[in-house]
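Here's the structure, in structure tokens; my notes come after.
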Number of protein chains: 2
Amino acid sequence: MFFYICHMNQKIKSRETQNLIINSAFELFYKHGYNKTSIPEIIKGTGLSKGAFYHHFKSKRSIGEKVIDLTVRKRVYERMVAPLKNLDNAPIIPLLYDVFIKRIEGYSDLEKDLGCPANNLINEIGYSESSFREMLRDIIDHWQEIMVNLLEQGKIKGEIRKNVDTSATAIFLISAFEGVRGIRKVYNNDKILDEYLIAVKSYIEQLA
Amino acid sequence: MFFYICHMNQKIKSRETQNLIINSAFELFYKHGYNKTSIPEIIKGTGLSKGAFYHHFKSKRSIGEKVIDLTVRKRVYERMVAPLKNLDNAPIIPLLYDVFIKRIEGYSDLEKDLGCPANNLINEIGYSESSFREMLRDIIDHWQEIMVNLLEQGKIKGEIRKNVDTSATAIFLISAFEGVRGIRKVYNNDKILDEYLIAVKSYIEQLA
DNA sequence: TAAAAAACATACTGATATGAATGTTTTTTT
DNA sequence: AAAAAAACATTCATATCAGTATGTTTTTTA
């Protein structure tokens, strides 16, 4: 590692520039969608030029893939997946409450208006762009897998009913969560989220 | 009415041309999304010219509104809302089965791949385009309203538990349905839909 | 310290977009 | 049948896009 110390400045600079562009792109994809966002728009906020963009990324699809891989995946993982890994062997039901209920209650107005970045991309370009599709599917797969582990663990600990289909339950919870975040986008108030919260609360309770 | 018979040819022609354009636009919005679809592309399949398009519709937004109002709303209504109106006083649970389970089982591969037209639009432009937002919200509101009526009717008839929150249940079912249709778009197989079906089946049963 | 390479900026190309302006044909009215 | 209007087609204006080519500056290497 020490051999490269004298080269590190440039690599760090490069990485920082890429992050700058990726962050700007993520914000715009989130606010206006992938197709509505142009490369001139992405670089506008960064103070960089189009030459700089195409030095670091070879195409628009390429920046899309980076945004999904680095930002979107990370967000879903940190917020929805990691808390369900349950490394300290906590009770299952409260964990599900945290992720599927408390998480939503803590959203900002902007996050409510704009929905879930992953779900937005899934719906906008999930089918048409195959490289995106695979990456987005991996995100969902991973999320589901961790939930299945958690629910199976809950069965063993006697906290989840034995006759619960864990794969099905996982997809159902994920679907309802992403679905309501989409539907919320066409409302300007919390009515829809409040109703979802009531229903998902009783659904989770009923798993025990 | 008879006074206008001699004028009807032109009005019918106009209406037919508009429908031709609207149908082409719907297909393309459904396949490629609203933002990816251009007016030249819309008219390409119809044999008409751009002048014809702008004679009948004043802008791209305008055709978007027409597509939502006439085609998208109609589809949701015919498939998901009308069957739940229960005009002939049928049992409630089988009705929910029909709409939220059998309906999905009968989808073509294309419908599975492309998701729900209404949900696609909600997620792509639900927040950014306010005229669209209001129309899409009306579709969901109507759907929810009919479901609430159905579930309340079910309570009276003793087919639905008294402690079921009907508004919350309606939004939960709608969210899960739209959510899974979105998530399915990034898969190439029926795994996700099959799992959803298992879960929603037991959820509906548990309402009784 | 000179050469090489990486990190940028500037200027351009070709394609395509929305929409308007204008011309032509068909239908309706008077 | 002539005039008016509706239903189209053609052409144009303006803007913006993704991506490229070619510069210039800064950093690294030798």
Side-chain angles (χ1 to χ4, degrees), chain A residues 1-25 28-29 31-67 124-125 128-129 131-132, chain B residues 1-25 28-29 31-67 124-125 128-129 131-132:
Chain A
M1 284 299 174
F2 295 101
F3 313 109
Y4 294 105
I5 273 187
C6 47
H7 312 237
M8 267 307 176
N9 277 344
Q10 205 173 43
K11 284 197 177 173
I12 288 172
K13 188 84 191 298
S14 173
R15 196 88 202 116
E16 273 172 0
T17 302
Q18 286 180 50
N19 286 338
L20 202 66
I21 296 170
I22 289 171
N23 290 340
S24 172
L28 290 164
F29 292 165
K31 277 185 191 159
H32 307 131
Y34 175 79
N35 287 321
K36 261 285 180 192
T37 300
S38 67
I39 279 121
E41 214 179 341
I42 290 173
I43 55 168
K44 198 157 57 184
T46 65
L48 292 163
S49 68
K50 201 187 268 197
F53 178 91
Y54 278 99
H55 175 72
H56 290 287
F57 305 95
K58 74 172 209 290
S59 65
K60 190 184 176 185
R61 170 185 300 183
S62 157
I63 182 76
E65 289 168 357
K66 287 289 180 192
V67 164
E124 186 187 356
I125 37 143
S128 43
E129 198 83 41
S131 64
F132 291 3
Chain B
M1 284 299 174
F2 295 102
F3 313 111
Y4 296 106
I5 272 187
C6 46
H7 311 238
M8 266 309 175
N9 276 344
Q10 204 173 43
K11 285 197 175 173
I12 288 171
K13 188 81 190 299
S14 173
R15 196 90 200 114
E16 273 172 0
T17 301
Q18 287 181 49
N19 286 339
L20 202 66
I21 297 170
I22 288 171
N23 290 340
S24 172
L28 290 165
F29 292 165
K31 277 185 192 160
H32 307 131
Y34 175 80
N35 287 321
K36 262 286 180 189
T37 300
S38 68
I39 280 121
E41 214 178 342
I42 291 173
I43 55 169
K44 199 157 54 184
T46 64
L48 293 162
S49 69
K50 202 188 271 193
F53 178 91
Y54 278 100
H55 174 73
H56 290 286
F57 305 95
K58 74 173 208 290
S59 65
K60 190 183 175 184
R61 171 185 301 185
S62 157
I63 182 78
E65 289 168 356
K66 288 289 180 191
V67 165
E124 187 186 358
I125 36 142
S128 43
E129 198 83 40
S131 64
F132 290 4

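Below, all heavy atoms of this structure are taken into account, side chains as well, without hydrogens, waters or symmetry copies. Since we're looking at a predicted model, the values are computed, not measured. Letters go in sequence order (proteins before strands), and every chain restarts at 1.
Judged by a 6.0 Å distance limit and a 45° cone about the ring axis, A:K36 is not positioned over the six-membered ring of B:Y34.
Within the 4.0 angstrom heavy-atom criterion, base atoms lie near A:K50. Using a 4.0 Å heavy-atom distance criterion, B:T37 is classed as a sugar-phosphate-only contact. Nucleic acid contact for B:S62: none, since no nucleic acid atom lies under 4.0 Å from a heavy atom of the residue.
Rounded to a whole Å, the NZ atom of A:K13 is 11 Å from the C1' atom of D:dT25. In this structure, A:K36 places its NZ atom 13 Å from P of C:dA17, rounding to the nearest Å. Rounded to whole angstrom, the span from the CD1 atom of B:I21 across to the P atom of D:dC8 amounts to 8 Å. If you take CZ of A:F57 and C1' of C:dA7, they are 13 Å apart, rounded to a whole angstrom. Between the OH atom of B:Y34 and the C1' atom of C:dA17 there is a distance of 13 Å, rounded to whole Å. One atom, CD1 of A:I42, and another, C1' of D:dC17, lie 12 Å apart when rounded to the nearest Å. Distance A:K58 NZ to D:dG19 P: 10 Å, rounded to the nearest Å. The nearest whole Å value for the distance from the CD atom in B:Q18 to the P atom in D:dA6 is 13 Å.
Partner of B:T17 under the side chain to side chain contact (heavy atoms under 4.5 Å, CB included) criterion, chosen from B:I12, B:I22, B:L48, B:T46: B:L48.
Candidate nucleotides D:dT28, C:dC8, D:dC8 were compared by shortest atom distance to the side chain of A:A52, and C:dC8 ranks first. For B:H55, whose side chain is taken as the heavy atoms from C-beta onward, the closest listed nucleotide among C:dT18, C:dC8, D:dA7 is D:dA7. Picking from C:dT27, D:dA18, D:dT28 the nucleotide with the shortest atom distance to the side chain of A:N9 gives D:dT28. Taking the side chain of A:Q10 as heavy atoms from C-beta on, and the options D:dT27, D:dA7, C:dT18, the nearest nucleotide is D:dT27.
In terms of phosphate contacts, B:S38 brings no side-chain nitrogen or oxygen within less than 4.0 Å of OP1 or OP2 of C:dT16. Between A:S49 and C:dC8, a side-chain N or O to OP1/OP2 separation shorter than 4.0 Å is absent. Contact check, A:S59 against D:dA18: no side-chain N or O comes under 4.0 Å of OP1 or OP2. Side-chain nitrogen and oxygen atoms of A:T17 include none within less than 4.0 Å of the OP1 or OP2 phosphate oxygen of C:dA7. Between A:H56 and the phosphate of C:dA7, there is no side-chain N or O to OP1/OP2 separation shorter than 4.0 Å.
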### Task
Go through A:F57 and A:I39 one step at a time and tell me if the side-chain contact (heavy atoms from CB on, under 4.5 Å) criterion holds.
CA-CA 11 Å; A:F57 305 95; A:I39 279 121; over 6 Å; no

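Side-chain contact, A:Q18 with A:S14: a donor N or O sits under 3.5 Å from an acceptor N or O.
Of the possible donor and acceptor atoms, none in the side chain of B:S24 sits under 3.5 Å from a partner among the backbone N and O of B:I43.
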